[in-house]
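Predicted model, so just to flag it, every value in this text is computed and none were measured. Each residue takes its place number in the sequence, starting with 1.
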Amino acid sequence: QVHLVESGGGLVQPGESLRLSCAPSARAFSAYAMGWFRQAPGKEREFVGGITWVGGMTLISESLKGRFTISRDTAKNTVYLHIDTLKPEDTAVYYCAARDQPPLRTGLLDYESWGQGTQVTVSS
């Protein structure tokens, strides 16, 4: 397992954009793909999207397509989750996770390493 660190969360107003970052705490890091999940108060953790390190293939949850974008910087070992036009219902703790083997999957149990999460609160 690898320790992952998310950053970029905070309090934002509806309609604004936000970019979350995730990077491993250790310099030596290897994974097939990274995923982003979120957990709103009182709800189960859900898949937001994922990206492969090689090739940058992405998969975004069908319900979130259009406002959520995932990218990665292989030189920095960092993945990003960009969220446009934030809504109050986007309020959640956002987690990144690493998956060691292909293929890119959407289940919580499909990822071996997790970060501690970063809080995103959308409110006016």
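- Atoms OG1 and CH2, on Thr74 and Trp53 in that order, are 7.5 Å from each other to the nearest 0.5 Å.
- The minimum heavy-atom distance between Asn77 and Pro24, with the atom names listed, is O-CD, 3.1 Å.
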Val48/Ile60 under side-chain contact (heavy atoms from CB on, under 4.5 Å): CA gap, chis, key distance, verdict: CA-CA 6 Å; Val48 174; Ile60 303 294; 5.7 Å; no
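- Each of Val122 and Tyr95 belongs to its own hydrophobic cluster when Ile, Leu, Val, Met, Phe, Trp and Tyr are linked at side-chain heavy-atom distances under 4.5 angstrom.
- Residues Ala98 and Ala31 share a closest heavy-atom pair of CB-CB, 4.1 Å.
- Contact of the Thr106 side chain with the Leu59 side chain is registered, since non-hydrogen atoms from C-beta on lie closer than 4.5 Å.
- Interatomic distance, CD of Glu112 versus CD of Gln101, reported as 7.5 Å (0.5 Å rounding).
- Here the shortest heavy-atom pairing between Leu104 and Ile51 reads CD1-N, 4.0 Å.
- Around CD of Glu89, the count of heavy atoms belonging to other residues, nucleotides or ligands within 6.0 Å exceeds 12.
- Geometrically, Arg38 does not engage Tyr94 in a cation-pi contact, judged by NZ or CZ lying under 6.0 Å from the ring centre and within 45° of the ring axis.
- In this structure, Lys87 and Arg67 have side chains that are in contact, with non-hydrogen atoms separated by less than 4.5 Å.
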Evaluation steps, side-chain contact (heavy atoms from CB on, under 4.5 Å), between Met34 and Cys22: CA-CA 9 Å; Met34 302 294 289; Cys22 171; 3.9 Å; yes
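- Arg72 forms no cation-pi arrangement with Tyr80, by the criterion of a distance under 6.0 Å to the ring centre and an angle within 45° of the ring axis.
- Inter-residue side-chain proximity for Ser17 and His82 is flagged as met; some heavy-atom pair is nearer than 4.5 Å.
- The closest side-chain donor-acceptor pair between Asp73 and Thr78, if any, does not fall under 3.5 angstrom.
- Annotation for Thr85 and Asp90: closest pair O-OD2, 4.3 Å, computed over non-hydrogen atoms.
- Taking the side chain as every heavy atom from C-beta outward, Asp84 and Leu86 never approach each other to under 4.5 Å.
- Using modelled atom types, one finds no donor on one side chain facing an acceptor on the other under 3.5 Å when comparing Ser123 with Thr121.
- For Gln119 against Val93, the heavy-atom pair with the smallest separation is OE1-CG2, 3.2 Å.
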Verdict with supporting geometry, Asp100 and Tyr32, side-chain contact (heavy atoms from CB on, under 4.5 Å): CA-CA 5 Å; Asp100 293 338; Tyr32 170 75; 5.9 Å; no
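- In this structure, the separation between CZ on Arg19 and OG on Ser71 is 7.0 Å, given to the nearest 0.5 Å.
- For the pair Cys96/Leu4, a side-chain contact is recorded, criterion being any heavy-atom separation below 4.5 Å from C-beta on.
- Using modelled atom types, no side-chain atom of Glu6 and backbone atom of Leu20 make a donor-acceptor pair closer than 3.5 Å.
- Here the shortest heavy-atom pairing between Arg45 and Leu108 reads O-CD1, 3.6 Å.
- Annotation: the span from Asp110 atom CG to Phe47 atom CZ amounts to 9.5 Å, rounded to 0.5 Å.
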Verdict with supporting geometry, Val5 and His3, side-chain contact (heavy atoms from CB on, under 4.5 Å): CA-CA 7 Å; Val5 181; His3 183 54; 3.9 Å; yes
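- Ile83 has its side chain within reach of Phe68: a pair of non-hydrogen atoms, C-beta onward, lies under 4.5 Å apart.
- The side-chain heavy atoms of Glu46 and Gln39, taken from C-beta on, include no pair separated by under 4.5 Å.
- In this structure, Phe37 and Tyr111 have side chains that are in contact, with non-hydrogen atoms separated by less than 4.5 Å.
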